Each structure stands twice: as structure tokens, then as C-alpha cells.
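Structure first, commentary second.
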Amino acid sequence: MSVNEFELIARYFTGQQAEASGLVLGIGDDAAVLECPSDQQLVVTTDTLNAGIHFPKDTDAADIARKALSVNLSDIAAMGARPAFFTLSLCLPDADETWLQAFSRGLFEVATGSQVCLVGGDTTRGPLSVSITLFGYVSPGQAISRAHAQPGDCVYVSGTMGDAAIGLRIIGSDLTMEAEHRAYFIGRLNCPTPKTTLGQMLVGRASAMIDVSDGLLADIGKLIKSSHVGAAINVDQVPTSAYADSYFNQNTLLQLALTGGDDYELCFTIAPELEQDLLQQVGQLHIPVTKIGYITAGSDLSCKHADGQIYAAQGSGYDHFV
Ligand code: ADP
Ligand code: MG
């Protein structure tokens, strides 16, 4: 290593952010000390990105950092919580300073933009892996779990589905695409935008929520299983990016939208009587959300086209162990 572990931490991770409120003791001691507001509950999540599994080995270091933090922010958003602090466990094959510089830049760009503060971590040597633990706050009892969807609730998603899966297809393929479109899809794969504002806005409104990371149908499947309900999805309502139409036929695009991973959008359920108020709120903030179906009694996930024809799903989302 050209720099030792302590120099590396000091150079790339210490003192990179303004003082955060609630931070009693940050990087540099045996552990961090944080103030938890007395009227809030702590919400904690961890996500790891491994080279070659969660991102191609040659992904730009700034993008790896952005994604590692963004996927954790997405989990906190999916609980309706406000993100506050995080720790970083970094496993590096070597201390490449050019790589570290880019990683640190990407990391603090997202951290500062999301108002979260790095408070500690661990640095080891081995195959490239980035693990982040993120801490957030929510009012007592207000966290939005996956488990309380009710029959009759509307099912909504934010943004567009399948963009990251398209990005993954583009990398290393000979698909010709306009440079601007190519950058958009690869950007959606490498640098997802966590839906932090929407997540918090849904507190007191959504009955259940999950972030879409393994593929829309797979994640709806998890939500309905937790809630002991079924769902009826109109696949023709599932929003896809306008650009995508010109590169894929409808079937392929639908499959990417329904089963492709890494969207990091929010999927939530809401009682019909709360729908209008929500639509007004998101409309004012220009946050795109789309109704794609309903929660049903029972346990089936039914996917149909607008004309009533059954959609035969191919593939069912990402699973590390199958
Ligand atoms: P210890 O041996 O007591 O676990 P370390 O030597 O691993 O401490 O880390 C020293 C300090 O640097 C700790 O405060 C730790 O939280 C912090 N730290 C280590 N690695 C990172 C990292 N990648 N990002 C941020 N802080 C880190
Ligand atoms: Mg340590």
C-alpha cells in the first residue's frame, strides 16, 4: 500500500463534512457517539456492494461510492425515515490513491446532498467490497413497513421501471444508442437517486412500502407476502422511460421493467380515500408516481394487460443464492 490505513482514513474520510447536529464524537475514536432526538425512533439499515456481483469490476470509483450510499438511502426512504448518519466498511485490494480520491469525491457528493454524515467505519484489505450502515429517524410508530397493505389499497410506484436493467444491458453490448440516452440508462444503473422526500411524505399516508431493488414483481411479491394479501397489477400501467421505447420491443421492455433489478424507486400502497390528497402533494413537488394496480384479498400476484389478458412473467427478480 502506498499509504497506510491511518493516513488513508485521515486523507479521504476524516473532516470532509461540516459539523452535523447530533454528532457527539465522529471518526477517530473506538466508536462514534450520536445524539438520538428524544421524540424519534432509530431506523438502521446495511447494504453491501461486492465487485463483480453488484457492479462490474471496472466501474468508476465515484459511481461505486454514490451507489453504495444511495442504495442505503433508498432503504431508509422506504421506511419513511429521515437519514442522518452512516458508517463505511471498505475492503480494498490495494490503496490506490487515484481510486480513493474518486471514491471519496462520489461518497461525499451524495452524503452532503442527502445531509448524512460519515461517523466511522473500518478499512481492510481484500477483494473490493463496500458496506454501508445508515442510521435514520422516524416519529414513534410511524415507520412504514411492508406488512400493512390492505385489500382495496392502490399500488403505486415512483419514477420509471427497468432503466437500470437497460443500463446493465448496454454495458459491453453492441446496442447502438444515442449518447445522451446511453448516459441516462447507465447513470440510472450506477447512480440511483434515492426517493428520500417521497418516502417521508408517505408517512401517515402509505399503508405499506418497499424499495424496488430486486425487480418490481419480486419486490411486490415480498410486500404482499409480509402483508398476507394479494395484488392485481395492470402491467400496461407500469411506467417505463420514454427513451426506452425506441430501442426495445414492448415485450422485452415489459420484462425489463417487471423483473430487472436496481431501480431504487419506491413501491407503496395507499387507501383509496387518501389517494387524492397524495396526488396533490406529489404534483406540487413534481414527484412522478403511477398507480399500477390494487391490493386484493388472498395471496396471489395477478399480472394482466389492460385488455384482461394474463401476463406470463419470465424470471422473477434477483436472488443471490439461486
Ligand atoms: P479500531 O481499531 O478501534 O476499530 P480503526 O483503526 O479500525 O479503529 O479505525 C480508526 C477510526 O477510523 C475509527 O473511528 C473508525 O470508525 C474510523 N474508520 C476506519 N475506517 C473508516 C472508513 N473507511 N471510513 C470512515 N471511518 C473509518
Ligand atoms: Mg476497526
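Note that ligands are numbered from 1 as they come in the structure, with each ligand's atoms numbered from 1 the same way. If you're wondering where the values come from, they're calculated on a predicted model, not measured in any experiment.
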Could you list the atoms of ligand 1 found under 4.0 angstrom from a heavy atom of Thr123? 19 (C), 20 (N), 21 (C), 22 (C), 23 (N)
Considering the heavy atoms of Phe6, write down every atom of ligand 1 situated less than 4.0 Å from one of them. 6 (O)
Is it the side chain (CB and beyond), the backbone, both or neither of Ile9 that lies under 4.0 Å from ligand 1, heavy atoms counted? side chain
Side chain, backbone, both or neither: the part of Thr87 lying under 4.0 Å from ligand 1 by heavy atom: neither
With a 4.0 Å cut-off on N to O distance, would you call [X] and [Y] a salt bridge?
X	Y	answer
Glu5	Arg125	no
Glu265	Arg188	yes
Asp262	Lys67	yes

Heavy atom of Tyr12 under 4.0 Å from ligand 1? no
Would you say the rings of Phe268 and Tyr156 are close, in the sense that their centroids are separated by under 6.0 Å? yes
Among Asp30, Leu107, Asp122, closest by any non-hydrogen atom to atom 3 (O) of ligand 1: Asp30
Nearest non-hydrogen contact to atom 17 (C) of ligand 1 from the set Thr14, Ile27, Leu90, Asp29 belongs to Ile27
For ligand 1, find out whether one of its N or O atoms is nearer than 3.5 Å to an N or O atom of Gly28. yes
Out of curiosity, does Val235 fall in the hydrophobic cluster containing Leu253 (side-chain heavy atoms, cut-off under 4.5 Å, transitive links)? no
Tell me, with the steps shown, if Tyr184 and Tyr243 meet ring-ring contact (aromatic ring centres under 6.0 Å, His included). CA-CA 9 Å; Tyr184 169 77; Tyr243 302 147; 5.3 Å; yes
